[in-house]
Amino acid sequence: MRIATWNINSVRLRLGLLENFTSFFQPEVLCLQETKVQDAFFPIKEIESMGYKHVAYIGQKSYNGVAILSKYPITGVFSCDFYNQDRRHIAGLINGIEIHNFYVPAGGDEPDEKINPKFKHKLEYIKFIQKWFLENRKKDDKIILLGDLNIAPHANDVWSTKQLKNVVSHTLVERDLLISLQESFNFIDSARYFTNMEEKLYSWWSYRNKDWRKSDRGRRLDHIWASSPLEEKLRSVQIIKDARSWSKPSDHVPLILDLQQLD
DNA sequence: ATGGTTGGCGCCCAA
């Protein structure tokens, strides 16, 4: 089974790119973040015509919004309001795996929770996710946790760990919280499972860099984690870097995880 | 140290 995640930064604006991506890479399951559309206006017909007959989505006007597009049935769909009314989470069961799609708050500019409520929100959001999994799920459940987690946890998940140490997404408090969430539930960081820690890995390049490929000031903000019962099923991970140079791109590129056919 | 760009919406906010 091929599972992908992509912060698409407006699903309606990028239906053409979505069509190109899905027809070329053929993910059976695709999780989107920042759909930026209310449910009444979600482009369900267009997405069904791309082959995704099972779609779960929850959105709001202008901001946030998440969706799961699937070629297999989705059951038990739910969304947690972890903190406020933001539409940042949707989950469902597909082929025996519970898939959790997250859009973690970006956290604003100032990495100080005393003066920046957005940063406080972000830290609390990660703690909330951790608490929820520890209280509601077991480590031997088959779970995929993926999405735009808006944190680059390791030194080589950013272009310069020194220059970004006080930049929201790579501060020590964020990195520690994300790694704590991962380790407390024995989640496997699938991209790092297949690529050693010394190698740079990015999934996001700012719109503000004129020549993003040349400067290559990226960050790995998007993740696909698997619970330990899925370890033997992990086959490969791809980060579709070329997507950043498509016409009218998202600032995030898709990640793809291939799992061995599940029985 | 600063500013750079994008999307959605509506005359600015969030990223």
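The sequence lines fix the lettering, A, B, ..., with proteins before strands; numbering per chain opens at 1. Quick caveat: nothing in here was measured; it's all calculated off a predicted structure.
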### Query
Should we count NZ of Lys53(A) as having more than 12 external heavy atoms under 6.0 Å?
yes
What is the distance, to the nearest angstrom, from the [atom1] atom on [X] to the [atom2] atom on [N]?
| X | N | atom1 | atom2 | value |
| --- | --- | --- | --- | --- |
| Lys210(A) | dG4(B) | NZ | C1' | 9 Å |
| Tyr207(A) | dA15(B) | OH | P | 14 Å |
| Gln163(A) | dT2(B) | CD | C1' | 14 Å |
| Trp212(A) | dT6(B) | CH2 | P | 14 Å |
| His252(A) | dA15(B) | NE2 | P | 11 Å |
| Leu13(A) | dC9(B) | CG | P | 11 Å |
| Asn166(A) | dT2(B) | CG | C1' | 16 Å |
| Trp205(A) | dG4(B) | CH2 | C1' | 19 Å |

Considering only atom [atom1], compute the distance from [N] to [M] and round it to an integer number of Å.
| N | M | atom1 | answer |
| --- | --- | --- | --- |
| dG4(B) | dC9(B) | C1' | 22 Å |
| dG10(B) | dA14(B) | C1' | 15 Å |
| dA1(B) | dC13(B) | C1' | 24 Å |
| dT6(B) | dT2(B) | P | 23 Å |
| dG7(B) | dC11(B) | C1' | 16 Å |

### Selection from dC9(B), dA15(B), dG7(B) that lies nearest to any side-chain heavy atom of Glu34(A)
dA15(B)
#### Entry: Out of dG7(B), dT5(B), dG10(B), whichever nucleotide has its closest atom nearest the side chain of Lys61(A)
dG10(B)
### Query
Short question: side chain of Asn116(A), backbone of Gly108(A) - any donor-acceptor pair under 3.5 Å?
no
### Summary
Applied to residues 159-188 of chain A, the salt bridge (Lys or Arg N to Asp or Glu O under 4.0 Å) test, sequence neighbours excluded, yields Lys122(A)-Glu174(A)
### Message
Whether Arg244(A) engages the ring of Trp205(A) as a cation-pi pair (distance to the six-membered ring centre under 6.0 angstrom, angle to the ring normal within 45°) should be assessed.
### Response
no
### Task
With Lys241(A) as the cation and Tyr202(A) as the aromatic partner, state whether NZ or CZ is under 6.0 Å from the six-membered ring centre and within 45° of the axis.
no
## Note on the structure
On DNA chain B, more 5' by nearest nucleotide between Asp109(A) and Asn209(A) is Asn209(A)
### Query
Gln38(A) or Gly108(A): which one's nearest nucleotide on DNA chain B is closer to the 5' end?
Gln38(A)
Validation: residues 36-47 of chain A side-chain donor-acceptor distances under 3.5 Å, sequence neighbours left out:
unit_1: Lys36(A); atom_1: NZ; unit_2: Asn9(A); atom_2: OD1; d: 2.9
unit_1: Asp39(A); atom_1: OD1; unit_2: Gly59(A); atom_2: N; d: 2.8

### Query
Do the ring planes of His89(A) and His100(A) sit parallel (below 30°), tilted (30 to 60°) or perpendicular (above 60°)?
parallel
Close N/O contacts between protein and nucleotides 12-14 of chain B (under 3.5 Å):
unit_1: dA14(B); atom_1: OP2; unit_2: Lys118(A); atom_2: NZ; d: 3.4

### Task
For Arg14(A), answer base if it contacts any base atom (sugar-phosphate contacts may also be present), sugar-phosphate if it contacts only those atoms, and nothing otherwise; contact means non-hydrogen atoms under 4.0 Å.
sugar-phosphate
#### Entry: Salt-bridge criterion met for Arg208(A) and Asp251(A) (N-O under 4.0 Å)
no
